[in-house]
Amino acid sequence: MREFNEEMISFIDASPTPFHAVDWMAKTLECRGFIRLEEDQTWKLEEGKDYYVTRNDSSIVAFTYPPCNEKGYTIVGAHTDSPHLRLKPNPLTTSAGVKRLGVEPYGGVLLNPWFDRDLALAGRVVYLDGEVRKEALININLPIAIIPSLAIHLDRDANSSRSINAQSDIVPIIATGDVDFESFILSQIQENSSELTLLAHELSFYDTQKASFVGINSEFISSARLDNLLSCYVGLQALLETSYPMMLACMDHEEVGSDSHVGAGGTFVEETLRRIAGENFTMLMRRSLMVSCDNAHAQHPNFPNKHESEHAPLLNAGVAIKINANQRYATSARTQGRFLQCAKALHIPTQTFVTRSDMGCGSTIGPISATRLGIETLDVGVPTLGMHSIRELSGTSDAYGLYRILMHLGDF
């Protein structure tokens, strides 16, 4: 389990953006013999071989071939994006003698923890090399920016009623001297050319602090982007180690609703499955199972009343099965029963999560995928504290338990 978790946090540290996460997963798959497919080409799938395909370099689908005649695929779904601060297209501004880079919150980001952190920058850039348009991933893994807090002497209510204006209060500072933003970004591209022109960018700030084991007995994992790169890693390892037909679908844009050509609300997974199944697509969906893996809210020890008392997941007490009567989660008694049968056979603990009836409930790619594909679906997740913070916390045993269940779920 320790080795599993160490490799997982190495993956998360190496994946500050969905582009980097997909790149890491693609390289890992190729090292294990998976063959890359291109969506704009004809596929000739061969029995006994494994494949993967990406879209926008921020979503990835990998699968064994062929699916099982009786049980179809076990499809593990996760998402590659996490709430963060995204650089605006023309970000450079000056205020109070310092240069700043304007940002836009991506997803439901918890803003308070972003203050007073050493921030790095990563993402994708599109540029001209002479007359040729190219793309590159960059990762400026250095503390190039910081968002300083306002001193309590100037805000006496900071500890009682502080609110954050996303436009004016959360702008990172980068320098006091002159800055040529385009030249700085282009200098990160590995090109032996002086004729580079920046066209566009998708760049995100992230915390330079690496993931770590925390606690007297190292029982916790503290890291950025546990939601949901943890599930991407768990699903990837299950795919690589399982002996039954399986598919992994890691999608971008879940944190902003999934409605995009690379999100779960788009066509990527459906079109991939249709190309695999042909005229047997409907039959394949009737026989397959989608397991939507997305972190669950662990009960907070300082705010225990925020949870339904009988459905409050704890850290290191097992993966949580997520249930909602209004279909914010797609779990049914049938899919829950199958998952529990597998977990019990392996002697792996599980928990259930139901949101308090007087509180709103989030959602996942589970209901979206169930609607889009017409596939029976289960929503599960590793209990997590500090969700959507710049740094989140989970238990060391829960991800490994989920991995073991997914490895064997196709047998049930």
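None of these values were measured; they are calculated from a predicted model.
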Applying side chain to side chain contact (heavy atoms under 4.5 Å, CB included), run through Leu85 and Leu111 and close with a yes or a no. CA-CA 9 Å; Leu85 301 181; Leu111 291 175; 4.0 Å; yes
Answer yes or no: are there more than 12 heavy-atom neighbours, outside [X] itself, under 6.0 Å from its atom [atom1]?
| X | atom1 | result |
| --- | --- | --- |
| Asp180 | CG | yes |
| Arg334 | CZ | no |
| Glu104 | CD | no |

Return yes if some donor-acceptor pair links the side-chain N/O of [X] with the main-chain N/O of [Y] below 3.5 Å, else return no.
| X | Y | value |
| --- | --- | --- |
| Ser258 | Gly263 | no |
| Lys322 | Asn295 | yes |
| Arg55 | His261 | yes |

Taking Ile60 as the fixed residue, which of Leu29, Leu248, Val53, Asp23 is the one that meets the side-chain contact (heavy atoms from CB on, under 4.5 Å) rule?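 That would be Leu29.
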Can you spot which of Leu406, Thr350, Ile348, Leu409 makes a side-chain contact (heavy atoms from CB on, under 4.5 Å) with Cys342?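 Exactly one option meets the side-chain contact (heavy atoms from CB on, under 4.5 Å) with Cys342, and it is Leu409.
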Should the pair [X]-[Y] be classified as a salt bridge under the 4.0 Å nitrogen-to-oxygen rule?
| X | Y | value |
| --- | --- | --- |
| Arg274 | Glu271 | no |
| Arg36 | Glu38 | yes |
| Arg372 | Glu270 | yes |
| Arg124 | Glu202 | yes |
| Glu241 | Arg32 | yes |

Over-ring placement of Arg338 relative to Phe412, 6.0 Å and 45° cut-offs: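 So Arg338 doesn't make the cation-pi contact.
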Does NZ or CZ of Arg2 come closer than 6.0 Å to the centre of the six-membered ring of Phe213, within 45° of the ring's axis? yes
I would like to know whether Leu230 and Ile221 meet side chain to side chain contact (heavy atoms under 4.5 Å, CB included); could you show each step before the answer? CA-CA 11 Å; Leu230 178 152; Ile221 296 172; 5.8 Å; no
For residues 299-336, pull every pair meeting ring pair (Phe, Tyr, Trp, His ring centres under 6.0 Å), keeping only residues two or more places apart or in separate chains.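 Checked against ring pair (Phe, Tyr, Trp, His ring centres under 6.0 Å) - neighbours excluded - the pairs reaching residues 299-336 are His300-Phe303, His307-Phe353.
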